[in-house]
**Student:** 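Can you keep this structure in mind? I'll have questions shortly.
Side chains included, hydrogens not; waters and symmetry mates left out as well; all remaining heavy atoms used. In the text below, chain A, chain B and the rest are named by the order of the sequence lines, each starting its count at 1.
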Number of protein chains: 2
Amino acid sequence: MENKETILIIDDELPIRRLLDITLGANGYNIILSVNGHEGLVDAATHNPALILLDLGLPDVDGQEILVQLREWYQKPIIILSVRNSEEDIVKALDNGANDYLTKPFRAGELMARIRAALRIVTKSDDNNLFEFGSLQIDTHNHVVKKNNDLVKLTATEYTLLVLMAQNAGRVLTHQYILKEVWGYGYVEQPQYLRVFIAQLRKKIEDEPSKPKYIITESGIGYRFSE
Amino acid sequence: MENKETILIIDDELPIRRLLDITLGANGYNIILSVNGHEGLVDAATHNPALILLDLGLPDVDGQEILVQLREWYQKPIIILSVRNSEEDIVKALDNGANDYLTKPFRAGELMARIRAALRIVTKSDDNNLFEFGSLQIDTHNHVVKKNNDLVKLTATEYTLLVLMAQNAGRVLTHQYILKEVWGYGYVEQPQYLRVFIAQLRKKIEDEPSKPKYIITESGIGYRFSE
DNA sequence: GGTAATCTTTACAACATCTTTATAAAAACG
DNA sequence: CGTTTTTATAAAGATGTTGTAAAGATTACC
């Protein structure tokens, strides 16, 4: 299992943390651990995880409050893990934007299956996994990019950026949006990053990087991948 | 509550059917009831419900089998309701494509919240704003303007101005109003700005900029976008 | 632990857009 | 019809945004 998808765990109970760390790690996920709500919010913004496991009983802030704050900008799945079993808590969490709710103690296998189910929804749109634009080919299934049938070597970040743009071909993406999607919400104010990586990408995929055909600049707004 | 979304219930237990029928109906959903697996498959195909509630213990076919068959073409949420509480069943159902799994007896409020959570994921997109005026297309969702299907390159300000005018097509907008909306309060006394940008826009979207079809001058008052 | 690759930051050059000015053209008005 | 007011257009200068190279910092990998 080579997922390499990152899961953020916001929970202060040591046994749970340890269990999740081992179980999720064994299933090929990258793990980030936060011990309280504030740390969790920061980690979510800086690491851009594919999914968040959130405990409601945190030492500093109520988990429901963290959930609400996360949902102001975080669109990916959030699964609640909690000892609280009242209908009120469950309904509130789900209506606050949680995708699922598991009561502790939970069964590890079930949690794994629920994580897979939650991630599947996001990844589902990937039945469209081969893009072709002129001499440029992007195969997201095999994680391969070719130009004139020659393999283009891209770093992880460059690849993520290219796929994001290609998936939204024809559409203008703002700097903020791209930064949020590729680097995480915490990087929204770093447009220079984006410029550097756009320049790198153009060097690798454009015939004339100074006269780009694929990645078009929309000055003052963002970039557009040309159809 | 006026959802009018259709939910298909595939379950043979009369008390459950009755309970769901009443609860879901009270929450504004349309209900379709199927008493066995085959009927459920047919109803799903003919009614294309927004969500399916599926019992695993059906009289004719195993619910897991129905789930697999549904998932061959049905992409919307499926929530399992079952008396079976083994981890094996839960994991299998989730991996077969179920979005959620509730064991009977369940709490009605929790089920409602889980239905809302499942439907929320699907219902998000599609505020697709598309204006069409003759050969001119303005797609505010993608931030793209086309003339005779050719992309028109606009600066950020030009675009804002055009969208403002198009959104108020047929109405006369005063200089002051446009200046306030596009540039802000401090620019209300700068009608020359507006003239410069209107001229730019006309050069880009009009066939004959000196005989404008779209952006009409209302001398002494402002401009009007012709319908 | 050392090396290579990648990411982050900095500085400045290149470019696009905005603002201002000047002048011509058109419309309004008596 | 001539005068005044309003509008259109081009172009130059000012400002802001983007592109690029390269050095320093960090991370990944052997």
**Student:** Does a salt bridge link A:D207 with A:K147, judged by any charged N lying under 4.0 Å from a carboxylate O?
**Tutor:** yes

**Student:** Find the bend of the helix from C:dG1-D:dC30 to C:dG30-D:dC1 as the angle between its two terminal axes (five pairs each), to the nearest 10°.
**Tutor:** 40°

**Student:** Using a cut-off of under 3.5 Å, enumerate the N/O to N/O pairs linking the protein to nucleotides 27-30 of chain C.
**Tutor:**
none

**Student:** Check the distance between C:dC7's C1' and A:E158's CD and give it to me in whole angstrom.
**Tutor:** 10 Å

**Student:** Distances under 3.5 Å only, N/O to N/O: pair up the protein atoms with those of nucleotides 8-11 of chain C.
**Tutor:**
from   : atom 1 : to     : atom 2 : distance (Å)
C:dT8  : O5'    : A:Y193 : OH     : 3.1
C:dT9  : OP2    : A:Y193 : OH     : 2.9
C:dT10 : O4     : A:Q192 : NE2    : 3.3
C:dA11 : N6     : A:Q192 : NE2    : 3.4

**Student:** What is the distance, to the nearest angstrom, from the NZ atom on B:K153 to the C1' atom on C:dC15?
**Tutor:** 11 Å

**Student:** Is the phosphate of C:dA5 approached by A:T155 (side-chain N or O, under 4.0 Å from OP1 or OP2)?
**Tutor:** no

**Student:** I need the A:L56 CG to A:I80 CD1 distance, nearest 0.5 Å.
**Tutor:** 5.0 Å

**Student:** A:F106 versus A:L19: any side-chain heavy-atom pair under 4.5 Å?
**Tutor:** yes

**Student:** Rounded off to whole Å, could you give me the CZ-to-C1' distance for the A:R195 and C:dC15 pair?
**Tutor:** 12 Å

**Student:** Within a radius of less than 6.0 Å around CZ of A:R18, do more than 12 heavy atoms belonging to other residues, nucleotides or ligands occur?
**Tutor:** no

**Student:** Please report the interatomic distance CG(B:L53) to CG(B:L111), rounded to the nearest 0.5 Å.
**Tutor:** 5.5 Å

**Student:** Could you give the distance from CG (A:L41) to CG (A:N36), rounded to the nearest 0.5 Å?
**Tutor:** 9.0 Å

**Student:** Determine the sole option in B:V91, B:N96, B:I90 for which the side chain to side chain contact (heavy atoms under 4.5 Å, CB included) test with B:L94 is passed.
**Tutor:** B:I90

**Student:** Could you list all the side-chain hydrogen bond (donor to acceptor under 3.5 Å, both in side chains) pairs where at least one residue sits in residues 174-183 of chain A, not counting sequence neighbours?
**Tutor:** A:Q75-A:K180

**Student:** Please check if the number of heavy atoms outside B:R171 that lie under 6.0 Å from its CZ is greater than 12.
**Tutor:** no

**Student:** Holding to side chain to side chain donor-acceptor pair (under 3.5 Å), I want the full list of residues that pass it with A:E87, two or more places apart in sequence or in another chain.
**Tutor:** none

**Student:** Go through the structure and list residues passing ring-ring contact (aromatic ring centres under 6.0 Å, His included) with A:H38, not counting sequence neighbours.
**Tutor:** none

**Student:** Do A:K92 and A:E88 sit within salt-bridge range, that is, some charged N less than 4.0 Å from a carboxylate O?
**Tutor:** no

**Student:** Would you check if B:Q137 and B:L130 make a side-chain contact, meaning some heavy-atom pair closer than 4.5 Å?
**Tutor:** yes

**Student:** Among residues 209-217 of chain B, which ones have heavy-atom contacts with DNA chain D below 4.0 Å?
**Tutor:** B:S210, B:T217

**Student:** Determine all donor-acceptor pairs shorter than 3.5 Å in which one atom belongs to a side chain in residues 187-201 of chain A; sequence neighbours excluded.
**Tutor:**
from   : atom 1 : to     : atom 2 : distance (Å)
A:Q192 : OE1    : A:R195 : NH1    : 3.0

**Student:** By a strict heavy-atom criterion of less than 4.0 Å, which residues belonging to residues 164-181 of chain B are in contact with DNA chain D?
**Tutor:** B:H175

**Student:** Using a 3.5 Å cut-off and no angle test, enumerate the donor-acceptor pairs between side-chain atoms of residues 216-225 of chain B and protein atoms at least two apart in sequence or in another chain.
**Tutor:**
from   : atom 1 : to     : atom 2 : distance (Å)
B:T217 : OG1    : B:R202 : NH2    : 2.8
B:E218 : OE2    : B:R224 : NE     : 2.9
B:E218 : OE2    : B:R224 : NH2    : 3.3

**Student:** Give me the first and last nucleotide of DNA chain D, going 5' to 3', that has any atom under 4.0 Å from a heavy atom of chain A.
**Tutor:** D:dT17 to D:dA21

**Student:** What integer distance in Å separates A:I198:CD1 from C:dC15:P?
**Tutor:** 18 Å

**Student:** Sequence neighbours excluded, which residues qualify as side chain to side chain donor-acceptor pair (under 3.5 Å) partners of A:K204?
**Tutor:** A:E158

**Student:** Indicate the atoms forming the closest heavy-atom contact of B:P49 with B:K76, along with that distance.
**Tutor:** O-CD, 3.4 Å

**Student:** Please report the interatomic distance CG(A:N99) to CG(B:D100), rounded to the nearest 0.5 Å.
**Tutor:** 9.5 Å

